[in-house]
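These notes are about the structure you will find just below.
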Protein chains: 2
Amino acid sequence: MSRPVGKISFVTPPVPERAATYHHGDLPAALRAATAELITEKGPTGFSLREVARRAGVSHAAPAHHFGDSSGLLTSVAAEGYRLLVARFEEAQPIANTVDRLNAMGKGYVHTALENPGHFGVMCSHELVNNDDPEFSTFAARAFELLVETVTAIANEHNPKLNVDAAAMWVWSAVHGLATLQMGFTNMDDKAGTNDVDELIEQFGDLMVHGLFNGTGTRP
Amino acid sequence: MSRPVGKISFVTPPVPERAATYHHGDLPAALRAATAELITEKGPTGFSLREVARRAGVSHAAPAHHFGDSSGLLTSVAAEGYRLLVARFEEAQPIANTVDRLNAMGKGYVHTALENPGHFGVMCSHELVNNDDPEFSTFAARAFELLVETVTAIANEHNPKLNVDAAAMWVWSAVHGLATLQMGFTNMDDKAGTNDVDELIEQFGDLMVHGLFNGTGTRP
DNA sequence: GTGGATGGCTTGACAGTGTCAAGACCTGTC
DNA sequence: GACAGGTCTTGACACTGTCAAGCCATCCAC
């Protein structure tokens, strides 16, 4: 559905928006880029296959040829988003201090969302994407797996009694909530006294580390 | 936009779906109920104004008369969802033990979501609703306010140094994440070893209470 | 080189959608 | 009983996603 890439740079499309030739070159990538751009501008609601095709300079039915239907295209964009996230998570893996690593992953999550709002908007709209898509589910699972590994490492070092799976879900939920918060997809008043994302992540991290060190994640 | 109600029971519409008379009686409520039902069946994507009108037995343009456009109707449904949530939160307020109260509110959040999936689906789709709507924002703010009050009470009793606002956002994020997890809107493998919602809430609660008791919610 | 064959993309059509303007209908009030 | 105002319908418009059919460029065997 999309070719493997080495260094990831999805934000700017690898091909010009209007191709001179009949054959586009890499239309799927251009369509994903146009989709992310459109959703960044107008939100997931403003998305339409025909508008995406228009922006890519192709006919209205061209996207269907590559992605089947609109959920196929959106799923591909979401998969790209998770691939970006996995890349960020993997950058943090060499950090030896496990708590610092978890903090870095949290920052990575929120920054990925802020830097790729089009992708993140689709990743959050679970009704729009096809969860069974192998590429999508592979990257999504890998991202969560990396989190579980880090939480496991923290547990091994500091708190062997921790229910690692529950704790990982808990961390993911909190960080995801913070990301949506920062993107304005929320109804919570942001009164935490700062707009600095990294500071908020560290505030959350301070709270979370006490649970990870001293909690069990089991029924009391 | 909708009448005040005493005891809340939105799930079953107060009027039959097809009105015998030209004037429906309470068409706005019937349209909200049809919307929630439709979204429960088909997800937010499957929603359409015309299908809602069909289910309510009125013409395709009737919803627009009451709600302006589709986002007006969805906003009203989301507001109803927050009203349900506030009602649940208020039921928990008499609980004297503040930690138990917070746990009860967490359970209330998740159960409200599970029992009203149509409403919750809209509440989560922040692009679909008009955040400036006074009724919507009032109930949403009230729900968060009740959470802040409870976290404040816990801080006063156990941990005066706690950054209450950051902690409240943190709790909300985690509980919201758990709710979406339970509703299947997620890519996390649920490996926590249970499908019992109340047990999961208590697992999260065990982790969270250590942060609330011992953390500060400030940059270390 | 040349002639298929194959995949990439276009064209045209269809039913369905949201929104608007105009009008029909009912109900309460004087 | 007339009238005013809110409730709902009708009809139209531009737009959408999807499908079937066909055109076009490229590639590979010959």
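Every value quoted in this text rests on a predicted model; they were computed, and no experiment measured them. Below, chains carry the letters A, B, ... as their sequence lines are ordered, and counting in each starts from 1. We use all heavy atoms of the structure for the numbers below, so side chains are in, but hydrogens, waters and symmetry mates are not.
Taking every side-chain heavy atom of A61(B) into account, dA21(C) is the closest of dT11(C), dA21(C), dG8(C).
Between Y109(B) and H176(B), the two ring planes are perpendicular [angle over 60°; tilted spans 30° to 60°].
Residue A64(B) is out of contact with every strand shown, counting any heavy-atom pair closer than 4.0 Å.
Atom CG of L38(A) is separated from atom P of dT16(D) by 10 Å (rounded to the nearest Å). Between H66(A) atom NE2 and dG17(D) atom P there is a gap of 17 Å when expressed in whole angstrom units. Rounded to whole Å, atom P of dA22(C) lies 17 Å from atom NE2 of H65(B). Protein atom CG of L27(A) is 16 Å distant from nucleotide atom P of dA25(D), rounded to whole Å.
Checked by atom type and distance alone, the side chain of R50(B) never pairs as donor or acceptor with a backbone atom of H60(B) at under 3.5 Å. Put simply, the side chain of E51(B) never gets that close to the backbone of F47(B): no donor and acceptor are under 3.5 Å apart. For the pair S70(B) (side chain) and L49(B) (backbone), a donor-acceptor distance under 3.5 Å is absent. Checking side-chain atoms of T40(A) against main-chain N and O of G118(A) turns up a donor-acceptor pair under 3.5 Å.
DNA chain C is contacted by both S71(B) and S59(A); S59(A) maps to the nucleotide lying nearer its 5′ end (nearest heavy atom per residue).
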Check: protein-nucleotides 14-18 of chain C nitrogen or oxygen pairs below 3.5 Å:
residue: dT17(C); atom: OP2; partner: R54(B); partner atom: NH2; Å: 2.8
residue: dG18(C); atom: OP1; partner: L49(B); partner atom: N; Å: 2.6
residue: dG18(C); atom: OP2; partner: L49(B); partner atom: N; Å: 3.3
residue: dG18(C); atom: OP2; partner: R50(B); partner atom: N; Å: 3.1
residue: dG18(C); atom: N7; partner: R50(B); partner atom: NH1; Å: 2.4
residue: dG18(C); atom: O6; partner: R50(B); partner atom: NH1; Å: 3.1

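Considering F136(A), F144(A), F139(A) as possible partners of Y82(A), the one that fulfils the ring pair (Phe, Tyr, Trp, His ring centres under 6.0 Å) test is F136(A).
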